[in-house]
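Below: one structure, written as structure tokens.
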Amino acid sequence: MTWLWSSADHYQPLEDIVVEDLGNRHLSISRSGIGASTVAQKLGLPVPLFPADLATERTFNAWILNECRPVEVEADPESYVSAAHSAVTLHELTATRISTADRSLLVQTLLQWIHWDASGTPIHQPTPEHWEHQLLPRFPEFADRYRPLLPERQADFTLDAAQAQDLYDQVEDELTLTFGPYGTCPSVNIAKALEDAQRALHSIGVGVLAPRLWPTARPTYVVRSFTSTSDRSLGATIDGYLDSLLPSAGQPPHRALQAESISTTNLELLEDSAGNAVTRRTSQLNNGETLSWYSVAVPGLRQATAERLADFTAIHFSNTAPNAPVILTGPFGTRVMPLSARLRDNGFSYGYGGSGPGRLWDAICQFLEAANLLGPTTEDRLRNTIESAPEDDPLVIPRAAIL
């Protein structure tokens with residue numbers, strides 16, 4: 001038996017493979033420095049390929065049972081099955097502030113986005129030279145399962161920009177206030193359906209409605225929680241932001257912050273200069289230092305909140321606190337940068353190429369796009385700035401460096 005399991009990046013191992021003949025047609029394949037053509041020559045046949053997004057223990061066992069010949073597997077790379085399930089969920093949903101008419105528009109948006117004729121059909125996958133796919137993906141049969149549960153797809157269905165933006169805002173409110181993890185009635189299933197509806201609104205709107213839909217109504221909040229010690233600087237700007245916090249007479253204004261704070265003791269209720277709620281709890285360490293736990297209600301990324309900060313002069317962050325908010329400075333003073341809810345729990349970093357710097361780059365790019373500032377070279381300049389910054393120093397990105 002001869003086989004090769006590809007890595008997560010599918011075809012990159014082409015230049016990093018060596019084959020050792022152990023006799024009896026059993027070959028040991030390990031990393032070295034030769035290409036797929038040499039591997040294929042040693043095998044005497046194309047190199048068996050198992051794309052990483054399809055290669056599971058179950059699919060591999062099915063291949064073994066098929067006498068190591070290519071085997072069909074179900075896959076849903078375009079998430080059509082998920083979208084169809086979400087359409088049914090929204091069609092049947094009644095406990096929501098979204099009106100019946102607007103829910104019908106969301107369902108129709110999903111119906112338009114789903115390629116129903118893909119149901120049960122093979123999925124094309126490119127085959128690099130000297131490789132041979134062993135897993136042959138096919139869309140699941142989803143049309144017969146979901147179409148009877150849904151209204152008819154309207155052939156002449158359209159949305160104008162104002163309708164799409166209004167629907168997007170309503171969905172965002174329901175996710176944040178009701179069905180999301182910090183809402184009054186958290187529901188993973190309904191939240192997934194609402195998120196799929198947002199993706200469908202984006203998809204059918206490209207080139208027709210607007211380059212990107214952003215929530216425009218009142219801001220929701222994304223919580224960033226982090227720790228800081230009295231002897232550890234986060235940089236002059238971020239330290240100054242924390243030092244400027246003032247006592248708040250009221251309760252945290254958003255359920256998200258209440259959830260973060262519910263089990264704490266010695267809790268201080270604070271607010272920053274923009275009125276965003278912050279909680280702080282402190283304790284003394286054995287070495288005499290003070291350890292502080294902060295939770296900041298960062299405004300969710302909405303077009304209106306981003307545009308009010310469009311004249312920023314610099315962006316600030318610190319590797320010392322990966323889960324702290326990103327800080328903006330400008331004529332408005334010092335503000336936390338609005339943040340997409342999907343980046344709520346992700347740590348940021350800089351000074352190298354990797355997932356942490358990639359998330360920071362993504363967060364800043366989204367803010368710049370919502371503020372209508374993203375230019376043709378901005379993304380590349382920002383990535384270079386983030387990845388080349390000294391890891392041990394506070395990150396300061398001047399506006400002129402990226403715009």
Side-chain angles (χ1 to χ4, degrees), residues 1-89 110 113-149 188-189 192-193 195-196 199-200 203 353-355 358:
M1 178 180 69
T2 61
W3 59 277
L4 174 68
W5 200 295
S6 81
S7 75
D9 45 7
H10 294 220
Y11 310 131
Q12 192 61 36
L14 285 174
E15 305 304 325
D16 197 22
I17 297 166
V18 67
V19 178
E20 179 185 357
D21 189 348
L22 302 181
N24 232 3
R25 295 199 72 233
H26 288 262
L27 302 176
S28 170
I29 301 177
S30 58
R31 291 177 180 265
S32 181
I34 60 175
S37 59
T38 304
V39 176
Q41 183 179 5
K42 286 181 175 289
L43 290 175
L45 72 166
V47 182
L49 173 63
F50 296 82
D53 53 350
L54 300 174
T56 64
E57 183 177 358
R58 179 179 178 181
T59 56
F60 186 65
N61 287 339
W63 180 72
I64 295 291
L65 292 174
N66 199 41
E67 299 180 349
C68 302
R69 295 193 299 265
V71 61
E72 284 191 348
V73 296
E74 287 192 347
D76 186 25
E78 305 298 333
S79 300
Y80 294 145
V81 179
S82 171
H85 181 80
S86 294
V88 172
T89 299
L110 286 163
W113 179 69
I114 299 167
H115 290 199
W116 295 97
D117 55 358
S119 178
T121 62
I123 300 171
H124 172 71
Q125 50 183 348
T127 305
E129 188 178 5
H130 308 301
W131 295 91
E132 182 178 63
H133 280 288
Q134 302 301 300
L135 304 178
L136 308 178
R138 175 182 292 274
F139 283 106
E141 295 279 357
F142 59 88
D144 291 344
R145 177 182 178 186
Y146 289 105
R147 281 317 311 259
L149 305 175
V188 173
N189 186 45
K192 178 65 167 61
E195 289 168 353
D196 281 348
R199 279 190 285 270
S203 179
S355 57

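When the side chain to side chain contact (heavy atoms under 4.5 Å, CB included) test is applied to S119, the partners found at least two apart in sequence or on another chain are E141, F142, A143. Partners of E78 under the side chain to side chain donor-acceptor pair (under 3.5 Å) rule, at least two apart in sequence or in another chain, do not exist in this structure. A search for side chain to side chain contact (heavy atoms under 4.5 Å, CB included) contacts involving R69 returns N66, E67, not counting sequence neighbours. Remark: P122 pairs with R138 by the side chain to side chain contact (heavy atoms under 4.5 Å, CB included) rule, at least two apart or across chains. Partners of S355 by side chain to side chain contact (heavy atoms under 4.5 Å, CB included), not counting sequence neighbours, listed by chain and number: R359. By the side chain to side chain donor-acceptor pair (under 3.5 Å) test, T89 is found to be paired with no residue, residues two or more places apart in sequence or in another chain being considered. In this structure, Y146 has no side chain to side chain donor-acceptor pair (under 3.5 Å) partners at least two apart in sequence or on a different chain. By the side chain to side chain donor-acceptor pair (under 3.5 Å) test, R145 pairs with no residue at all, sequence neighbours left out.
In this structure, the side chains of H85 and N189 come closer than 4.5 Å at one or more pairs of heavy atoms. Within the 4.5 Å cutoff, side-chain heavy atoms of V71 are placed close to those of L135.
For the residue pair S82 and K192, a side-chain donor N or O sits within less than 3.5 Å of a side-chain acceptor on the partner.
In terms of heavy atoms, S79 sits closest to W113 at O-CZ3, 3.9 Å. Between P77 and F139, the closest heavy-atom pair is CD-CE2, 3.8 Å. Of all heavy-atom pairs between P140 and V81, the closest is CG-CG2, 3.8 Å. In terms of heavy atoms, S86 sits closest to L110 at C-CD1, 4.1 Å.
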Applying side-chain contact (heavy atoms from CB on, under 4.5 Å) to W63 and T59, what does each step give before you reach the verdict?
CA-CA 6 Å; W63 180 72; T59 56; over 6 Å; no
